[in-house]
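Only one structure is covered here, and it is reproduced in the block below.
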Amino acid sequence: MMIQVIKSKLHRVTVTEANLYYMGSITIDEDLMDAANLIEGEKVQIVNNNNGERIETYVIKGARGSGMICLNGAAARKVQPGDIVIIMSYALMDFEEAKQFKPSIVFPDSATNKIP
């Protein structure tokens, strides 16, 4: 049996930009991507703590060390700069493997989006 489990999580980062006219996706500081074990093109779910919106999109690299969290395209209508979001990705794995799996969960400073 295969199940889907949490693989990566950036817990409580602050949206720095919302770019309606970009093609789509979420731009994430590459330092945050590395810390959370996310790769460019990976599907993510974003939960907006300010308004309850849930969005699915894919990751693109942002400038390393910038703290950037930018929702692009239609997703930009679901957030405002300053909103607190949680970014998660999931992995499909065998049930027994999932019991042993340890996700990458990161708690950045939500004021700066930097890892303490």
Side-chain angles (χ1 to χ4, degrees):
M1 170 178 33
M2 302 293 281
I3 64 169
Q4 196 171 29
V5 298
I6 186 84
K7 179 189 89 49
S8 303
K9 181 178 181 182
L10 287 168
H11 188 77
R12 296 185 55 83
V13 290
T14 300
V15 174
T16 58
E17 296 177 48
N19 184 347
L20 182 61
Y21 300 103
Y22 192 81
M23 287 177 42
S25 66
I26 182 170
T27 306
I28 302 175
D29 175 330
E30 198 170 356
D31 285 341
L32 293 172
M33 288 175 59
D34 289 348
N37 196 26
L38 293 167
I39 62 169
E40 192 162 43
E42 185 170 356
K43 180 180 177 180
V44 290
Q45 179 181 47
I46 300 116
V47 179
N48 187 330
N49 284 3
N50 292 74
N51 63 19
E53 291 284 353
R54 291 179 172 267
I55 305 156
E56 287 187 345
T57 190
Y58 61 93
V59 175
I60 61 173
K61 290 179 188 176
R64 190 175 290 282
S66 67
M68 177 181 274
I69 300 291
C70 179
L71 276 294
N72 301 302
R77 294 206 183 271
K78 304 293 187 178
V79 300
Q80 295 294 316
D83 284 357
I84 301 293
V85 297
I86 299 168
I87 302 167
M88 299 167 283
S89 73
Y90 302 88
L92 191 62
M93 61 186 70
D94 175 77
F95 184 76
E96 293 303 319
E97 178 186 7
K99 289 180 183 180
Q100 305 301 316
F101 180 75
K102 300 292 184 230
S104 298
I105 300 178
V106 181
F107 299 90
D109 177 337
S110 60
T112 64
N113 291 340
K114 304 286 184 187
I115 301 165

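In this chain, residues are counted from 1 in sequence order.
Counting all heavy atoms, side chain and backbone alike, P108 lies closest to P116 at CA-CD, 4.1 Å. Across all their heavy atoms, R64 and D34 have their closest contact at NH1-OD2, 2.9 Å. Taking every heavy atom of both residues into account, S25 and I60 meet most closely at OG-CD1, 3.5 Å. Across A35 and V106, no two heavy atoms sit closer than the pair O-CG2, 3.3 Å. What you find for C70 and T16 is that their closest heavy atoms are N-OG1, 4.4 Å. Between N51 and K78, the shortest heavy-atom distance links the atoms ND2-O, 3.0 Å.
Residue pairs that meet the ring pair (Phe, Tyr, Trp, His ring centres under 6.0 Å) test with at least one member in residues 14-69, sequence neighbours left out, do not exist here. Judged as a side-chain hydrogen bond (donor to acceptor under 3.5 Å, both in side chains), the pairs with a partner in residues 99-114 (not counting sequence neighbours) are, in order, E96-K99.
I28 CD1 to L71 CG: the interatomic distance, rounded to the nearest 0.5 Å, is 9.0 Å.
At least one side-chain heavy atom of L32 sits less than 4.5 Å from a side-chain heavy atom of I115.
Qualifying side-chain hydrogen bond (donor to acceptor under 3.5 Å, both in side chains) partners for R77, counting only residues two or more places apart in sequence or in other chains: none. Qualifying ring pair (Phe, Tyr, Trp, His ring centres under 6.0 Å) partners for F107, counting only residues two or more places apart in sequence or in other chains: H11.
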Ignoring hydrogens and angles, write down the donor-acceptor pairs under 3.5 Å from the side chains of residues 79-92, residues two or more places apart or on other chains.
| unit_1 | atom_1 | unit_2 | atom_2 | d |
| --- | --- | --- | --- | --- |
| D83 | OD2 | N48 | ND2 | 2.9 |
| D83 | OD2 | Q80 | N | 2.9 |
| S89 | OG | S8 | OG | 3.4 |
| S89 | OG | E42 | OE2 | 2.9 |
| Y90 | OH | Q45 | OE1 | 2.8 |

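V44 and I105 sit in two unconnected hydrophobic clusters of ILVMFWY residues. Membership requires side-chain heavy atoms under 4.5 Å apart, directly or through other members. In this structure, L10 is a member of the same hydrophobic cluster as M33, with clusters built from ILVMFWY side-chain heavy atoms closer than 4.5 Å. Put simply, M68 and I46 are part of two different groups of oily side chains (I, L, V, M, F, W, Y) that touch within less than 4.5 Å, one to the next.
A donor-acceptor contact shorter than 3.5 Å links the side chain of K7 to the backbone of N37. Judged by distance alone, the side chain of N72 and the main-chain N or O of M23 form no donor-acceptor pair under 3.5 Å.
Residue F95 shares its hydrophobic cluster (ILVMFWY side chains chained together at separations under 4.5 Å) with M1, I3, V5, M93, F101.
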